[in-house]
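One structure is given here, and the rest of the page talks about it.
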Amino acid sequence: MKTGKLIIFSAPSGSGKTTLVHYLLSKPELNLAFSVSATSRSKRPNEVDGQDYYFLSPVDFQKKIKENAFVEWEEVYKDNYYGTLKSEVDRLLKAGKNVIFDIDVKGGLNIKQQYPDNSLAIFVQPPSVAELQKRLQARQTETPDKIRMRVEKAESEMQYAKDFDVIIVNDDLNQAKEAAYKVVKKFIES
Ligand code: ADP
Ligand code: 5GP
């Protein structure tokens with residue numbers, strides 16, 4: 001059987017990668033399944049455990065690190081750990097799916113390195129850091145302090161864009177969706 005492909009979406013928080021990933025997941029012909037990450041951050045009211053993330057206590061997250069259960073993990077924000085579970089990627093590939101990831105910039109490049117033959121790494125770029133800040137404020141999921149942390153981090157994350165296979169600028173959302181669909185479809189069919 002043909003091995004599934006890995007489609008990695010990375011970007012600073014607020015760029016729109018979750019929006020684009022959800023759009024692609026709604027296209028059955030792409031045969032995508034979402035790699036649910038583990039995190040030690042607290043659940044947002046609209047999130048579902050096991051669907052958006054596996055929500056773990058900080059202690060349980062550290063236990064998994066020790067057990068070598070992660071393909072990659074990062075302390076993306078202070079005291080907030082995120083990681084891709086080996087068991088998750090294996091399960092989805094075994095089920096014959098193409099796997100789609102929504103992970104931070106370093107984690108994305110890390111996965112690309114580990115799966116050089118069957119992965120495509122896509123960087124979602126916001127039109128500007130000011131626009132990104134506006135989107136995070138409008139999303140209303142983080143406190144002003146946390147938004148500040150994410151915006152500060154965005155400046156350095158933007159430097160990694162050049163290391164990705166593809167950059168999609170998410171200015172007009174419909175155009176970004178179309179660009180994402182095209183590039184993913186082509187890669188999956190290659
Ligand atoms: P990320 O997953 O990268 O943190 P989200 O997909 O949650 O980003 O998008 C951040 C916010 O911006 C969301 O409220 C989303 O609805 C909104 N958004 C996404 N793309 C656009 C766009 N092109 N123009 C305006 N708002 C957008
Ligand atoms: P959020 O808290 O907004 O859901 O995510 C914060 C950041 O963590 C985002 O950039 C998201 O892509 C990233 N992230 C989510 N899952 C993982 C993961 O498994 N590994 C890494 N390295 N980053 C992740």
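In this text the structure is predicted, and so the values were computed from the model without any measurement. Just so you know, ligand 1 is whichever comes first in the structure, and atom 1 is the first atom listed for that ligand.
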*How would you list all residue pairs meeting salt bridge (charged side-chain N to carboxylate O under 4.0 Å, His left out) that involve residues 150-168, not counting sequence neighbours?*
Lys112-Asp165, Glu142-Arg150
*asked:* Looking at every non-hydrogen atom in both residues, tell me the closest pair between Ala11 and Val124 and how far apart they are.
replied: CB-O, 3.0 Å
_Closest approach of Gln114 to Val71 (non-hydrogen atoms, all atoms of both residues)_ = NE2-O, 2.9 Å
I'd like to know whether ligand 1 has [X] as a neighbour, heavy-atom separation below 4.0 Å.
X: Ser13; answer: yes
X: Ala138; answer: no
X: Val124; answer: no
X: Ala11; answer: no

*Yes or no on side-chain contact (heavy atoms from CB on, under 4.5 Å) for Trp73 and Thr84, after CA distance, side-chain angles and deciding distance?*
CA-CA 6 Å; Trp73 62 269; Thr84 305; over 6 Å; no
*Using a 4.5 Å cut-off on heavy atoms from C-beta on, say whether the side chain of Arg139 contacts that of Arg44.*
yes
*So do the side chains of Ser10 and Ile103 get within less than 4.5 Å of each other, counting heavy atoms only?*
yes
Looking only at protein heavy atoms, which one is nearest to [atom], and how far off is it?
atom: atom 6 (C) of ligand 2; value: Tyr82 OH, 3.5 Å
atom: atom 10 (C) of ligand 1; value: Gly14 O, 3.7 Å
atom: atom 2 (O) of ligand 1; value: Thr18 OG1, 2.4 Å
atom: atom 19 (O) of ligand 2; value: Ser37 OG, 2.7 Å
atom: atom 12 (O) of ligand 2; value: Asp102 OD1, 2.9 Å
atom: atom 8 (O) of ligand 1; value: Gly16 N, 3.1 Å

*Over 60° means perpendicular and under 30° means parallel, so classify the ring planes of Phe61 and Phe70, tilted if in between.*
parallel
*Aromatic rings Tyr23 and Tyr181: how do their planes relate, parallel, tilted or perpendicular, breaks at 30° and 60°?*
perpendicular
Give the contacting part of [X] toward ligand 2: side chain, backbone, both or neither, where contact means a heavy-atom distance below 4.0 Å.
X: Tyr53; result: side chain
X: Glu88; result: neither
X: Val76; result: side chain

Please could you name the atoms of ligand 2 that [X] approaches to less than 4.0 Å, counting only its heavy atoms?
X: Arg150; result: 1 (P), 2 (O), 3 (O), 6 (C)
X: Gly107; result: 22 (N)
X: Glu74; result: 22 (N)

*Please could you name the atoms of ligand 1 that Asp171 approaches to less than 4.0 Å, counting only its heavy atoms?*
22 (C), 23 (N), 24 (N)
*Give the numbers and elements of all ligand 1 atoms closer than 4.0 Å to a heavy atom of Pro12.*
3 (O)
Out of [options], whose heavy atom is nearest to [atom]?
atom: atom 13 (C) of ligand 1; options: Lys177, Lys17, Glu142, Arg139; result: Arg139
atom: atom 11 (C) of ligand 1; options: His22, Lys134, Arg135; result: Arg135
atom: atom 20 (N) of ligand 1; options: Thr19, Leu132, Asn170; result: Asn170
atom: atom 20 (N) of ligand 2; options: Glu72, Arg41, Glu157; result: Glu72

Heteroatom distance test ([X], ligand 1): nitrogen or oxygen, under 3.5 angstrom:
X: Asp102; result: no
X: Asp172; result: no
X: Glu131; result: no

Is there a heavy atom of [X] sitting under 4.0 angstrom from any atom of ligand 2?
X: Trp73; answer: no
X: Lys17; answer: yes
X: Glu142; answer: no
X: Tyr77; answer: yes

ILVMFWY cluster, [X] and [Y] together (side-chain gap under 4.5 Å):
X: Val166; Y: Ile188; result: yes
X: Val36; Y: Tyr81; result: yes
X: Phe34; Y: Val76; result: no
X: Ile122; Y: Leu20; result: yes

*asked:* Given the ring of Tyr53, does Lys43 sit roughly above its face, with NZ or CZ under 6.0 Å from the centre of the six-membered ring and within 45° of the axis?
replied: no
*asked:* Thr3 vs Asn118, test: side chain to side chain donor-acceptor pair (under 3.5 Å). Steps then yes/no.
replied: CA-CA 8 Å; Thr3 313; Asn118 57 338; 5.5 Å; no
_Residue pair Ser35 / Glu88, side-chain donor-acceptor N/O under 3.5 Å_ = no
*Should Glu67 and Lys63 count as an ion pair when the cut-off is N to O under 4.0 Å?*
no
*Go through the steps to decide whether Leu93 and Val99 satisfy the test side-chain contact (heavy atoms from CB on, under 4.5 Å), and finish with yes or no.*
CA-CA 7 Å; Leu93 286 177; Val99 187; 3.8 Å; yes
*When only distance counts, is Ala38 in polar contact with ligand 2, meaning an N/O pair under 3.5 Å?*
no
